[in-house]
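Both counts, for ligands and for their atoms, begin at 1 and track the order of listing. Predicted model, so just to flag it, every value in this text is computed and none were measured.
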Amino acid sequence: MTPDKHTERHVSLSHWGAFTATVENGRIVRCTPFSRDPAPSPMLSAIPEMVHSPLRVARPSVREGWREGKPRTGHDAFREVSWDEALDLVAGELTRVRQAHGPTAVFGGSYGWSSAGRVHHARTLVRRFLALGGGFVDQLANYSFGAAQFLLPHILGSFQAVTGRATDWPSVIDNTKLMIAFGGLALKNSQVGSGGVGAHDTETWLRRARAAGVRFVNVSPFKADAPDFLDAEWIPIRPNTDVVLMLGMAQVLLSDGRHDTAFLARYCAGFDRFADYLTGKSDGTPKTPEWAEAICGVPAATIRDLARRSAAMPTFLTATWSLQRAHHGEQPYWALITLAAMLGGIGLPGQGFGFAHGSIHGPGLPRRALPGPEIAPPLNPAKTAIPVARIADMLLDPGGTYAFNGQTLTYPDIRLVYWAGGNPFHHHQDLNRLQRAWQKPETVIVHESWWTPTARHADIVLPATTTLERNDVGGTSRDPFVFAMHKAIAPVGEARNDIDVFAALAGKLGYADAFTEGRDEMDWCRLVYQRLRDGAARQDIELPSFQQFWAEGVVELPPPERDYVLLEEFRQDPEAHRLGTPSGRIEISSATVAGFAYDDAPPHPAWLPPAEWLGAPEAARFPLHLITNQPVRRLHSQTDPGPVSAAGKILGREPIRLNPADAARRGLTDGDIVRVYNARGACLAGVTTDSGLAAGVAIMATGAWFDPVPTGEGLDVHGNPNVLTPDIGTSRLTQGSSAQSTLVEVERFVGTVPPVRAFDPPPLAHAAAAV
Ligand SMILES: Nc1nc2c(c(=O)[nH]1)N[C@H]1C(S)=C(S)[C@@H](COP(=O)(O)OP(=O)(O)OC[C@H]3O[C@@H](n4cnc5c(=O)[nH]c(N)nc54)[C@H](O)[C@@H]3O)O[C@H]1N2
Ligand SMILES: Nc1nc2c(c(=O)[nH]1)N[C@H]1C(S)=C(S)[C@@H](COP(=O)(O)OP(=O)(O)OC[C@H]3O[C@@H](n4cnc5c(=O)[nH]c(N)nc54)[C@H](O)[C@@H]3O)O[C@H]1N2
Ligand SMILES: [Mo]
C-alpha cells in the first residue's frame, strides 16, 4: 500500500501502436493499448522498462581517447561533462570543420527511424539544424526500399507505388480470386508503421479476404510468412530467385498465348524486346519452367499451373520490400510489374500488382489521400547526398567516384559525422567494415536516449528525451488516426529534447531565430496540427480545433469515399493520365536504362545471379543462404534490452532458425549456441529448428545490439547478423542495400560462451562539474 501514490494517465504513440501511459510517482508503470486497436503489439510492454533503463544516457559524455585520436572500438570509456561544456564542444567542432573544409565535410544524413511524433522527429531535426547552419552531406532514399525508389521512376514514372499507396484491401476482398504474395504477408511486419499505428487492422482485412474466398499463395523460403488462418499454399523458393519464377510464369503465358496483347499494346512500351528474352531469341536461353526450376527450386509443373491459374481468374500480385533488399533486387520488382501487365489486370479493382502489403502497417488500409502531419526539413544548401547505404564506401574512399542512376558522382571527404535518431551499427551491412570506415572522421556526435552501439562509437554523446518526456503530435499519411502525445514524465537524468539541443547550438552558432522561428514546443504542435487541419479543410473535412484535439488526445480522419486502386486513372485514360516515363506508359524495356549501359542493370527484367546465393561458387564454402528479416519482438534495434525482446533469445543470443535436416547434418539441436560465419565476420546465435523453413536457408532477425569482442577478430557475441551481410550496392542503377544476399556456414560454438556486454553501460568517469 502506498497511500500517497500519485497516479496519472497520458495518451501517447509509438511506431508500434498508440497507448495510454500510466504514471505512478513520476515513473511509467504501464502502457495500455488504444481502445480502438483490435490487435495491439506486445512490444508496448517493453516501454516502461526502457524509459527507466540503466542504459539511459544520463549526462552529456565525451569519449576517452577522442582528442588523442584513439580508435573507436565500441568498448571505450566516457567522461561525463556539463551541458555547457558539451554544447561548446559541439559548436566548436562544427565551426572548425566547416571553416577548414566546408559544409561537405559534415555528414548529417542521420538515417534512422527515430520515434513517433512529428515535432520532435530526431532525424528531421538534425537535417533542419545542419541545413540552416550552412549545409551538410545528406543520404538519399532508405534501407527499406532503396532499389525500388530509383528503379520505379524508369518503369512507372514515379516511385509512389512502393511508398505504401497500394490497392486497398476492400478492393481485393470484393474482386480478387487469387493473391500471390512474394515474400508472404507476415503479420509481424504490420505491427509497425513509420510514425505510428492507430488500429492494427491488417489481420482483420486478411481474415475478411480469406472468408470471401480469396486463395492465397505464399512464395517464400519461410512458411510462417503467411499466417495460418489464410490456409495459404506454400511455395518454398530459393532466396533471391523470385525473378526466375516470374520469368518462368511469363514464358508460359507467352507460349500459351494467354498474355493480354491489347493491354500490352495500349498501356506498355518495350514488350517485344522482353519477349525476345523470354523466348531465348536474344540470348539463346528460353525461360521455360524447366529452366526456372533448375534455378529457383520450384517444380516446373507448379510454375505452369500458377501461370495458368493467374490467367484464368482475377489475380493480384504483391511483393514484400525484402525482395528488392538484395543484390540485383531491381529485377523481381520489374518482373512483377511485367507479369501483371501480361495478365492485363493493372488498374482494375483487385487485380494488377502492389508492394508491401506484407511489409508494414499501412499498404492496403483504406485512408483518405491526405498528407499526414509531417514536416519536411528545409533544402540543404550543400546539395550533396549519397545513396543511403553507401556510407562505408564514402568514408573509406573520399574523392573516389561511383556510378549511380546514370550519373558519375564523387564521394565527399567527411571530417565530422552527426547522428540523431538512427543506429548505423544496427542498420548497416558488414559492420566490421563499417567499424573500420568509422575511424575516418575526426569527430562523431550522436544524440541518443540509450547507450546503443552507435552511441558507444561516438566521441560526444548528448542524452535525448524519449517521447514520454515531451509534447508532440503523431500520425502518418498511412493511418487515419492522429494523436496528441502528452508529456507524461520529467526528462530522465539530464536528458534534453533534441529540438532544444539544436536550438541552443543554433544560438551559439548565430542562427537561433532561423531554427526556432520563434516557436516553443506547443507552438510547433499547434502548427503541425493546423497544417493537417488546413489540408483536411481543402477536402471539406472539418477537424476539431487544436484545443479540442489536445484535450481528447486523438482525431480520426473520415474513411475514403472509394477504394484506392493502383493505376486506376491511367487504366481509364492513359492519354489524360500519362505516366512520367519517356513513353508515358509502363516501360517493360527502358531506353533510359539501356542508355546507362550497366551490366548489372539491363534494359528489361532479367535473371542476374546475385554475388551470393545458393547457386554461387561461394556456396561450396558457405552453404546456407542467410535471410535477415525484421524482428517479431522489437522495432529494429529499439527495445532490444527490454523484456519482450529478451524473452525471444536463447541464452541471451539471437535465435538462428534452421531446417531440421541442416541442423542434424551439423550435429545441432534446439538451444545450441553456434558460431555463424563467413569471410566477413562471425556472430553467435542460438539454434531453433523449423521444418517450415526451406533447406539450405537460415533466418536471423536483425536488431540484436552489436557486441564485438574487443580483441578485434570480427566476432559479435550477441547475434547481430550485420557482421555477416555484404556491403555492396544492389546495382549501379540504384545502389540500395543488398542485405538479403548473404551466404554463411554454421558450427557449434566450442568453449566458454562469452558474456553479452552490450547491455552494460560503458565505463563512465563522473566529472565534478556535471553533478
Ligand atoms: N541485415 C539487415 N539489415 C537491415 C535490414 C534488413 O532487412 N537486414 N533492414 C534495414 C531497414 S529496412 C531499416 S529501416 C534499418 C533500420 O535502422 P534504424 O532506423 O537505424 O534502426 P532503429 O533501431 O530504429 O534506430 C533508431 C535509433 O534512434 C533512437 N531514437 C529513437 N527516438 C529518438 C529520439 O527522439 N531522439 C534521438 N536522438 N534518438 C532517438 C533509438 O534509440 C535508436 O537507437 O535497418 C536496416 N538494416
Ligand atoms: N515487427 C517488426 N515489423 C517491422 C519492422 C521491425 O523492425 N519489426 N521494420 C519495418 C521496416 S523498417 C520495414 S522496411 C519493413 C520491411 O518489410 P520486409 O522487407 O517485407 O520485411 P522482412 O521481414 O525483411 O521480409 C519479409 C519476408 O520476406 C522473406 N524473404 C526474404 N528474402 C526473400 C526472397 O529472396 N524471396 C522471397 N520470396 N521471400 C524472401 C523473409 O522470409 C521475410 O520473413 O518491415 C517493417 N515492419
Ligand atoms: Mo525499413
For the 3.5 Å polar cut-off, considering only N or O atoms, please tell me whether S449 and ligand 1 meet it. no

Between ligand 1 and H428, is the shortest N or O to N or O distance under 3.5 Å? no

Within less than 4.0 angstrom of ligand 1, does Y111 place any heavy atom? yes

Can you tell me the protein heavy atom closest to atom 42 (O) of ligand 1 and the distance? E448 OE1, 3.0 Å

Among R325, R238, H426, closest by any non-hydrogen atom to atom 16 (C) of ligand 2: R325

Heavy atom of S220, distance to ligand 2 below 4.0 Å: yes

N/O separation below 3.5 Å, N722 to ligand 1: yes

If we only count N/O pairs under 3.5 Å, is P424 in contact with ligand 1? no

Knowing that exactly one of D201, D479, T202 qualifies, which makes a side-chain hydrogen bond (donor to acceptor under 3.5 Å, both in side chains) with H361? D479

For atom 10 (C) of ligand 1, grab the closest protein heavy atom and report residue, atom and distance to one decimal in Å. Y143 CB, 3.6 Å

Could an N or O of ligand 1 be found under 3.5 Å from any N or O of W113, whether backbone or side chain? yes

Answer yes or no: does an N/O atom from R470 fall short of 3.5 Å to an N/O atom of ligand 1? yes

Test your reading of the structure: does H120 have an N or O sitting under 3.5 Å from an N or O of ligand 1? no

Below 4.0 Å from any atom of ligand 2, is there a heavy atom belonging to Q638? no

Do the numbers put R56 on top of the ring of W450, so that NZ or CZ is under 6.0 Å from the six-membered ring centre and no more than 45° off the axis? yes

Is P631 touching ligand 2 with its side chain, its backbone, both, or neither, if touching means heavy atoms under 4.0 Å apart? both

Heavy atoms only, cut-off 4.0 Å: how does D225 contact ligand 2, side chain, backbone, both, or neither? side chain

Where is the nearest protein heavy atom to atom 31 (C) of ligand 1: which residue, which atom, and how far? S115 OG, 3.3 Å

Any nitrogen or oxygen of T702, side chain or backbone, less than 3.5 Å from one on ligand 1? no

Is there a heavy atom in A326 that sits closer than 4.0 Å to ligand 2? no

Any heavy atom of H15 closer to ligand 1 than 4.0 angstrom? no

Which bit of L323 is near ligand 2, meaning a heavy atom under 4.0 Å away: side chain, backbone, both or neither? side chain

Short N/O distance, under 3.5 Å, between T452 and ligand 1? no

Looking only at distances, can you tell me whether any N or O atom of Q429, backbone or side chain, sits closer than 3.5 Å to an N or O atom of ligand 1? yes

With backbone taken as N, CA, C and O and side chain as the heavy atoms from C-beta onward, which portion of I237 lies under 4.0 Å from ligand 2: side chain, backbone, both, or neither? side chain

